[in-house]
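Quick note on labels: first sequence line is chain A, next is B, and so on, each numbered from 1. The basis for the numbers below is simple: all heavy atoms, side chains too, and nothing from hydrogens, waters or symmetry mates.
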There are 2 protein chains.
Amino acid sequence: MGKLREPLNECSLPAALEAMGERWAFLILRAAFNGLHHFEEFQSELGIARNILANRLARFVEHGIMERQSLPEDRRKIQYCLTEKGHALLPTMVALRQWGERWETGVPAFPILVDSRDHRPIQPIAVLSHDGRVLTKGDLHWALPGDVADATDIANAAE
Amino acid sequence: MGKLREPLNECSLPAALEAMGERWAFLILRAAFNGLHHFEEFQSELGIARNILANRLARFVEHGIMERQSLPEDRRKIQYCLTEKGHALLPTMVALRQWGERWETGVPAFPILVDSRDHRPIQPIAVLSHDGRVLTKGDLHWALPGDVADATDIANAAE
DNA sequence: CACAATAAGTTGCTAAATAATACCTACATA
DNA sequence: TATGTAGGTATTATTTAGCAACTTATTGTG
């Protein structure tokens, strides 16, 4: 994939893309979030080529995004389960899906994701300030170590 | 890329990936968010092959993610600017970056993204309920049209 | 004006990733 | 034992990525 220059400005995006930048990654992940666990389930749901699927699942396991275990009651069956690290990709996936809904397909797209407690739709994913304001590009700033305020700073400033 | 089966469960993720699933897409986007506007800037910052960069920029323009305009003061120069649609990818990109920070590189990774108003770090990107609770996989539910509550329903239920 | 330099690509070729399909192996079930 | 199932590999073809050299339009310089 090539090397990035400018080490200073390097963030963890390239590292994240190492795992998730592959073509089918997000779709397999979505299927896993929807409760699929087995090779044949992924294969028939997504229509992905078997060798590619095998390769992706192996990579997810390598990266600790999924866990692979063969079931004792039927030792042919292998279960692929999302790990904590895998589950942590939910906000990213929902953000990408919401963007697609708003800007690509245009439609609200059912089934829709709702809070299971009250069945009300979730909020749009957003970048939020510490006190919950929605921030856009203009409200953001890249800060170096010395330049970051924390709760203590704010308390001190108020004295 | 192959066709998905199960039309019912199809969401806009595939549509989003049509634009963003390409190998360099997020890195070019990040560079654009960091203020880069020109072909040679992207090329030397990222070290991407020129033909691939040309191809990706053209695709971004096709998809309405960037706008291409030649500058009147130097007609050799072409400016690539993020559109509103492009800017709307910020939460997705930040979510992916934060995931990489937490689970891949491990480090907090400077420069860090802060609110330009008070220089305090932004919140982790999360899936939030209508009233701001953080939701994880277990708290979520896929709902079909009839199954979605809205503010009106809640008000009625309270009467 | 001639000439070098710059910006934004394009072209031709090689290497790597992806895809389609057939095959394989360990179980399980009748 | 025969038959089917789950989870893969192996083989081959196609697509995409990557490198380096070239092109075209413009601009700045002596």
Side-chain angles (χ1 to χ4, degrees), chain A residues 1-5 13-14 17-32 35-63 65-82, chain B residues 1-5 13-14 17-32 35-63 65-82:
Chain A
M1 182 150 171
K3 294 280 183 302
L4 292 175
R5 287 147 198 183
L13 201 58
L17 289 169
E18 168 80 26
M20 297 305 300
E22 309 285 333
R23 248 191 238 303
W24 284 94
F26 277 100
L27 293 174
I28 294 171
L29 196 72
R30 178 191 64 160
L36 303 194
H37 295 287
H38 297 283
F39 190 94
E40 306 290 337
E41 289 178 329
F42 290 114
Q43 205 283 319
S44 69
E45 163 89 13
L46 301 173
I48 181 176
R50 303 178 70 82
N51 52 355
I52 303 299
L53 177 58
N55 187 285
R56 290 299 168 277
L57 288 173
R59 189 179 297 233
F60 276 160
V61 172
E62 262 177 52
H63 278 83
I65 290 169
M66 282 184 167
E67 212 165 14
R68 179 187 192 279
Q69 52 189 340
S70 64
L71 300 183
E73 71 268 24
D74 183 344
R75 299 218 331 275
R76 290 171 306 178
K77 289 195 181 174
I78 305 279
Q79 237 193 354
Y80 289 96
C81 292
L82 289 169
Chain B
M1 181 149 168
K3 292 284 181 302
L4 291 176
R5 288 147 198 183
L13 201 57
L17 288 169
E18 168 82 23
M20 297 306 298
E22 308 285 336
R23 247 187 241 301
W24 285 94
F26 277 99
L27 294 174
I28 294 171
L29 195 71
R30 179 190 63 158
L36 303 194
H37 295 288
H38 298 282
F39 189 95
E40 306 290 336
E41 289 178 330
F42 289 113
Q43 206 281 318
S44 70
E45 164 88 13
L46 300 174
I48 182 177
R50 303 178 70 83
N51 53 349
I52 304 298
L53 177 57
N55 188 286
R56 290 299 168 278
L57 289 174
R59 189 179 298 232
F60 276 160
V61 171
E62 263 176 49
H63 278 81
I65 290 169
M66 283 185 166
E67 212 166 14
R68 179 188 192 280
Q69 53 189 340
S70 64
L71 300 183
E73 71 269 22
D74 183 346
R75 300 220 329 276
R76 291 170 305 180
K77 290 194 180 174
I78 305 279
Q79 235 193 354
Y80 289 94
C81 293
L82 289 169

Name the closest nucleotide to the B:R23 side chain, picking from D:dT26, C:dT18, C:dA28. C:dT18

Let me know, please, whether A:R59 or A:P72 comes out on the 5' side of the other along DNA chain C by nearest nucleotide. A:R59

What is the separation between atom CD on B:Q43 and atom C1' on D:dA20, rounded to the nearest whole Å? 12 Å

Whole-Å gap separating C1' (C:dT18) and CD (B:E22): 13 Å

Can you list everything that forms a salt bridge (charged side-chain N to carboxylate O under 4.0 Å, His left out) with A:R59? Sequence neighbours excluded, please. A:E22

Considering only side-chain heavy atoms of A:D74, which listed nucleotide, D:dA17, C:dT18, C:dA28, is closest? C:dA28

Between CD1 of B:I48 and P of D:dA17 the distance, given in whole Å, is 9 Å

With B:N55 via side chain to side chain donor-acceptor pair (under 3.5 Å) - residues at least two apart: none

How close or far is atom P of C:dA19 from atom CG of A:L46, stated in whole angstroms? 12 Å

Roughly, in whole Å, what's the span from CG in A:L17 to C1' in D:dA17? 16 Å

Using a 4.0 Å heavy-atom cut-off, write out nucleotides 8-16 of chain C from 5' to 3' as B (base contacted by protein), S (sugar-phosphate only) or - (no contact). BBBBB----

Output the rounded distance in Å from CD1 (A:I52) to P (D:dG7). 18 Å

Does A:R50 have any salt bridge (charged side-chain N to carboxylate O under 4.0 Å, His left out) partners at least two apart in sequence or in another chain, and if so, which? A:E40

So do A:F39 and A:L53 actually touch side chain to side chain, heavy atoms under 4.5 Å? yes

A:W24 has an atom CH2; how far is it from atom P of C:dT18, in whole Å? 12 Å

So, do B:L17 and A:W24 sit near enough that their side-chain heavy atoms are less than 4.5 Å apart? no

Taking CD1 from B:I28 and C1' from D:dG18, how many angstroms apart are they, rounded to a whole number? 14 Å

Tell me, please, which residues at least two apart from B:E67 pass side-chain contact (heavy atoms from CB on, under 4.5 Å). B:T83

Identify, with sequence neighbours excluded, every residue that meets salt bridge (charged side-chain N to carboxylate O under 4.0 Å, His left out) alongside B:E41. none

